[in-house]
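Data first, discussion second: the structure below is written as structure tokens.
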Amino acid sequence: MQFMLLFSRQGKLRLQKWYVPLSDKERKKISRDLVQTILARKPKMCSFLEWRDLKIVYKRYASLYFCCAVEDQDNELITLEIIHRYVELLDKYFGSVCELDIIFNFEKAYFILDEFLLGGEAQETSKKNVLKAIEQADLLQEVYELVL
Amino acid sequence: MPAPIRLRELIRTIRTARTQAEEREMIQKECAAIRSSFREEDNTYRCRNVAKLLYMHMLGYPAHFGQLECLKLIASQKFTDKRIGYLGAMLLLDERQDVHLLMTNCIKNDLNHSTQYVQGLALCTLGCMGSSEMCRDLAGEVEKLLKTSNSYLRKKAALCAVHVIRKVPELMEMFLPATKNLLSEKNHGVLHTSVVLLTEMCERSPDMLLHFRKLVPQLVRILKNLIMSGYSPEHDVSGISDPFLQVRILRLLRILGRSDDDSSEAMNDILAQVATNTETSKNVGNAILYETVLTIMDIKSESGLRVLAINILGRFLLNNDKNIRYVALTSLLKTVQTDHNAVQRHRSTIVDCLKDLDVSIKRRAMELSFALVNGNNIRGMMKELLYFLDSCDPEFKADCASGVFLAAEKYAPSKRWHIDTIMRVLTTAGSYVRDDSVPNLIQLITNSVEMHAYTVQRLYKALLDDISQQPLVQVSSWCIGEYGDLLVSGQCEEEEPIQDEVLDVLEGLLVSNLSTPVTRGYSLTAIMKLSTRFSSDANSVVSIYGSSIDVELQQRAVEYNALFKKYDHMRFYSEHCCFVQILPALQVQSTHPPCFTGSIYTSSLFYRFNLHVLYYLVSLLFQANDLLDLLGGNDVVPVIQTTLPTKPASAGGELLDLLGDLSLSTYSKNGLKIEFTFERANPNPNIAVITIHATNTTEADMTEFVFQAAVPKTFQLQLLSPSSNIVPALNQGSVTQVIRVLNPQKQQLRMRVKLTYTHKGSPIQDLAEVNNFPPQSWQ
């Protein structure tokens, strides 16, 4: 995977994870253009598209679009499963996750993602293990809510 | 100093902003506060401030001043600090800036930290954004962790190693020992990441590939266990056990089995098993099937397995889920060359996909459809594809039109069908047709001699309907110029136009705003050509453009006008000697079939050269010596030749006696012998009539035989039609042709001769000088 973007129906970015080295300016341009392209697609269309020289896999969950850019050799159908697994993890962690959870706790969304994927590939295929690791790491935080 | 506002508080506040300006104001205020807090080196709230900065950064605001703060957080001993610090580094730091290198030492320390979650943070950051320098410095630490028994760290180290290898491929070797027993792990996380690491190494190095081929049996076993094992709640997805791992194993097997018979053999059974037993009701099952199909098609699988794979794709095509249809079309496109017949079986389903609503599916279906067109299905397929061309989005039209032309050229069942198909494309998608199609189409039309009347009539009609599509207009103009006489001569099936109407249409093109300069050039030249074929006067039209702003048009108009003025009577000259009609038959430099006039319009340089040759021809016919100087230093042999042979030349029998039997064998080469015989013409003693007799001693006929001649300035030369174009083998007959030479100055006759013919399938060409004419022939 080259990058993953989460954005709302209004095109507001909620999470951006980049696995390739790009400058801030380049990232902004790609985000802007890709978000526009996907928002312009009709609901009944395919979850896959070719955009520039990338394969894009995206899926909408309620008010959020989950969008990944994968390599040529990557399996698009399993990428959809990866996206779904991430949503399940968020759902388990936050308890019936909604967009607001991700807005107000964006740093936690990143922590969860970083326990599931590393360098663009899945590091753990067990839902239970990912959530356990997050739980343990959370316990290490020094009275978190007071700090942040 | 009050504590900085909390993160959630800030988020709440910013979200209350009603305008962009209001939001910007809030952000600027907060950034200022954060900046001063950073300046004070406040350790307590640094974490909070950076977190807020990251939020604002996500909204699109600059946050570079927080970069160093991230580094300070990473160096802190507090876990919360490290967590936010590493996150900030991944979001704000760019490997192109030297600042990121300051992280290296921190990461090194954290890789050796006593808490595995800190080690995890370091591995994650390094694996996500580590630069080549960082990777070089820290590869050793990663390698160490790859050998740990702690599965939590081992799995992360494996993916971190993948990143290191991608950044610094030379370091791949050092990870080799650690891979030794990676696959013996029970932990799925480690297994999955190990397979990814092995895949990366095998893809990058043929040596590694050879080394790891021995793992095939082990991989097959693991895959088998996944399929056969009972329900495992931890890894289950809709009844399938760890689909992520299954897919990665299948992909690694693909790489290991590629171009290796033994490995492919070893995985044959498991692939068949997965292909037949996987549940297809949900996306996850189809994801595994998809990967299986890709593997089967790529390794050296037996034909039964391949057919199974293609059939799976065929089933995918019928799936309601368009994502599945999409991957099916993509895969079929990859295999259509190698397994053509198997894919043909699904042709009708593929053609149905042309009607899909999704753009990506349509495009793939179109590409695949063109790949499947052959001599047997051309009529049916073309019907579908032309219908598609009519109704598809503009983004497809150019590619579709080109595809139709290519397919039609390869498999057209008849000339008429071919012309009709081209017409259909030009009329429905005429503006999307590529520029290079125009000369190709003109050539095609020229070669379909029996279709000329039909073609020009249809094109004329199309022109009446619509003059906006430039390629259509250009081809039509050319055809009308070339075959306009057929249009008005009564050969058309429907009501035929009269000459003035045709000229009006062409004139309309010249003045229309829709016509491009190139199109105007075509129509101007067409008008010029028609002026020789029609009896109406096109002169006035052409002369108007003598003052056109467009330089190209102006030049043509002026030159055409000059031709008209000088040789006004030529327009009524008989067919044989009409210089305009000689144009298509001229073969000055190439051996290509007549497309001379078509190519004029592709380059005005060529056009100007041709016009000079034109002048030369004209002068030869009408004794206008002054134009000859234009040819100056041309190295092309000026030749002149009449059109198709009609009647045999007269033997000139009764005149022969005046000169006596003066024959002279002047050319003999490669079995072709040409004899020149002479007589003096009556009543003009200045004209010598030379008859050439061409014979062939070889055992194969010389076909398409063309004799051309040129003479010096002071002479005039006229070639009459030859008796035929075939010089029969073994002297079984001869070709005769009469040359009339006017020699008013009684100079020594010299002639340059050019011969072209086809012998045993190859085109032959030869040039020769003939100087040894007997004095009686020219005195």
Side-chain angles (χ1 to χ4, degrees), chain A residues 12-19 21-24 28 31 41-42 44-50 57 73-82 84-85 103-107 110-111 114-115 117-130 133 136-137 140-145 147-148, chain B residues 6-8 11 15 47-48 51 54-55 58-60 78-80 83-84 87 91 94-96 115 117 120 123-124 127-129 131 152 155-156 159-160 162-163 188-189 192-193 196 234-235 237 242-245 247 251 283-284 286-287 290-291 294 322-324 326-327 357-361:
Chain A
K12 282 206 121 96
L13 217 51
R14 299 300 180 206
L15 186 145
Q16 45 169 335
K17 188 75 189 177
W18 298 85
Y19 296 108
L22 287 167
S23 71
D24 218 33
K28 274 209 172 100
S31 303
R41 281 169 79 81
K42 302 191 193 67
K44 289 266 192 252
M45 291 175 93
C46 198
S47 289
F48 315 132
L49 68 141
E50 290 105 15
V57 179
Q73 331 85 291
D74 286 330
N75 182 327
E76 293 97 321
L77 297 179
I78 207 74
T79 308
L80 280 175
E81 293 299 320
I82 299 253
H84 191 72
R85 174 56 64 87
I103 293 170
F104 279 93
N105 302 282
F106 71 94
E107 86 280 9
Y110 275 108
F111 296 154
D114 284 342
E115 279 300 327
L117 304 178
L118 197 155
E121 305 282 351
Q123 59 179 287
E124 181 57 68
T125 57
S126 153
K127 223 185 319 190
K128 189 178 87 179
N129 287 350
V130 175
Q136 297 290 325
L140 281 182
Q141 289 186 147
E142 297 79 4
V143 200
Y144 193 65
E145 283 317 309
V147 175
L148 272 191
Chain B
R6 305 256 277 262
L7 171 64
R8 324 280 178 218
I11 295 175
R15 283 172 65 77
C47 181
R48 184 184 292 185
L54 292 179
Y55 177 75
M58 184 137 66
L59 291 178
K78 295 196 233 163
F79 185 68
T80 317
R83 240 184 170 184
I84 298 288
L87 178 61
L91 287 173
D94 177 1
E95 71 164 47
R96 281 176 254 198
T115 313
Y117 296 106
L123 281 167
C124 180
C128 169
M129 61 162 297
S131 63
Y152 177 78
K155 72 189 185 195
K156 289 181 193 272
L159 288 181
C160 199
V162 170
H163 180 84
H188 281 223
H192 185 271
T193 59
V196 174
E234 198 177 331
H235 299 111
V237 180
D242 206 338
F244 304 107
L245 182 56
V247 165
R251 189 161 144 185
N283 179 64
V284 59
N286 288 320
Y290 176 40
E291 197 73 35
L294 290 177
K322 62 181 67 62
N323 292 334
I324 310 281
Y326 176 90
V327 302
L357 293 165
D358 186 291
V359 167
S360 312
I361 290 182

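Order of the sequence lines fixes the chain letters, A, B, ..., with proteins taken first and strands second; residue numbering starts at 1 for each chain.
Look at A/Arg41 and B/Asp358 and you find a salt bridge, because one of the NZ, NE, NH1 or NH2 atoms lies within 4.0 Å of a carboxylate O, short of that distance. Under 4.0 Å is where a charged nitrogen must lie from a carboxylate oxygen, and between A/Glu124 and B/Lys156 no such pair does. By the 4.0 Å N-to-carboxylate-O rule, A/Asp74 lies close enough to B/Arg251 to be salt-bridged with it.
In this structure, the portions of A/Arg14 lying under 4.5 Å from any heavy atom of chain B include both its backbone and its side chain. Contact annotation for B/Ser131: neither backbone nor side-chain heavy atoms come within less than 4.5 Å of a heavy atom of chain A. The part of B/Leu87 that comes within reach of chain A is its side chain, from C-beta onward, which places non-hydrogen atoms under 4.5 angstrom from that chain. Heavy atoms of B/Asn283 lying under 4.5 Å from chain A belong to its backbone as well as its side chain. With a 4.5 angstrom heavy-atom cutoff, A/Lys127 touches chain B only via backbone atoms.
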>> Go through it in stages, so that I can follow the logic: the residues are A/Trp18 and B/Met129, the test is side-chain contact (heavy atoms from CB on, under 4.5 Å), and I'd like the CA-CA distance, side-chain angles, deciding distance and then a yes or no.
In response: CA-CA 8 Å; A/Trp18 298 85; B/Met129 61 162 297; over 6 Å; no

>> side-chain hydrogen bond (donor to acceptor under 3.5 Å, both in side chains), that's the test. Do B/Glu234 and A/Ser126 meet it? Break it down for me.
In response: CA-CA 6 Å; B/Glu234 198 177 331; A/Ser126 153; 3.1 Å; yes

> Should A/Ser23 and B/Asp94 be marked as a side-chain hydrogen bond (donor to acceptor under 3.5 Å, both in side chains) after you check the CA-CA gap, both sets of side-chain angles, and the distance that decides it?
Replying inline: CA-CA 6 Å; A/Ser23 71; B/Asp94 177 1; 5.3 Å; no

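Ranked by heavy-atom pairs under 4.5 Å with chain A, the list B/Thr193, B/Leu294, B/Ile11 is led by B/Ile11. Comparing A/Gln123, A/His84, A/Gln73 by heavy-atom pairs within less than 4.5 Å of chain B, the highest count is held by A/Gln123. For the set B/Asn286, B/Leu357, B/Val196, B/Val284, the count of heavy-atom pairs under 4.5 angstrom toward chain A peaks at B/Val284. For the options A/Asn129, A/Val57, A/Ile103, A/Thr79, heavy-atom pairs under 4.5 Å to chain B are most numerous at A/Ile103. The candidate with the highest count of non-hydrogen atom pairs below 4.5 Å against chain B, out of A/Val130, A/Ile82, A/Leu49, A/Leu117, is A/Ile82. When the candidates B/Leu7, B/Val237, B/Asn323, B/Val359 are compared by the number of heavy-atom contacts under 4.5 Å with chain A, B/Asn323 comes out ahead. Your options are B/Glu95, B/His163, B/His192, and the one with the most heavy-atom pairs under 4.5 Å with chain A is B/His192.
Side chain of B/Lys322 to backbone of A/Lys44: a donor-acceptor contact under 3.5 angstrom is found.
A donor-acceptor contact under 3.5 angstrom links the side chains of A/Thr125 and B/Asp242, judged on distance only. For the residue pair A/Glu115 and B/Tyr152, a side-chain donor N or O sits within less than 3.5 Å of a side-chain acceptor on the partner.
Atom CD of A/Glu81 is separated from atom CZ of B/Phe244 by 6.0 Å, given to the nearest 0.5 angstrom. Separation of atoms OH (B/Tyr55) and CZ (A/Phe104) is listed at 7.0 Å; rounding is to 0.5 Å. B/Glu291 CD to A/Asn75 CG: the interatomic distance, rounded to the nearest 0.5 Å, is 4.5 Å.
In this structure, B/Ile324 and A/Leu77 have side chains that are in contact, with non-hydrogen atoms separated by less than 4.5 Å. Residues A/Met45 and B/Ser360 are not in side-chain contact: their nearest non-hydrogen atoms beyond the backbone lie 4.5 Å or more apart. Looking only at side-chain heavy atoms (C-beta outward), A/Tyr110 and B/Ile84 stay at 4.5 Å or farther from each other. With contacts defined as side-chain heavy-atom distances shorter than 4.5 Å, the pair B/Pro243/A/Ile78 qualifies.
B/Val327 and A/Glu76 make their closest contact through CG1-OE1, 4.3 Å (heavy atoms, listed as atom of the first residue, atom of the second, distance).
Remark: A/Lys12 NZ is loosely packed, at most 12 non-hydrogen atoms of other residues, nucleotides or ligands lying under 6.0 Å away.
Partner A/Glu107 forms a salt bridge (charged side-chain N to carboxylate O under 4.0 Å, His left out) with one of B/Arg83, B/Arg8, B/Arg48 and no other, that one being B/Arg8.
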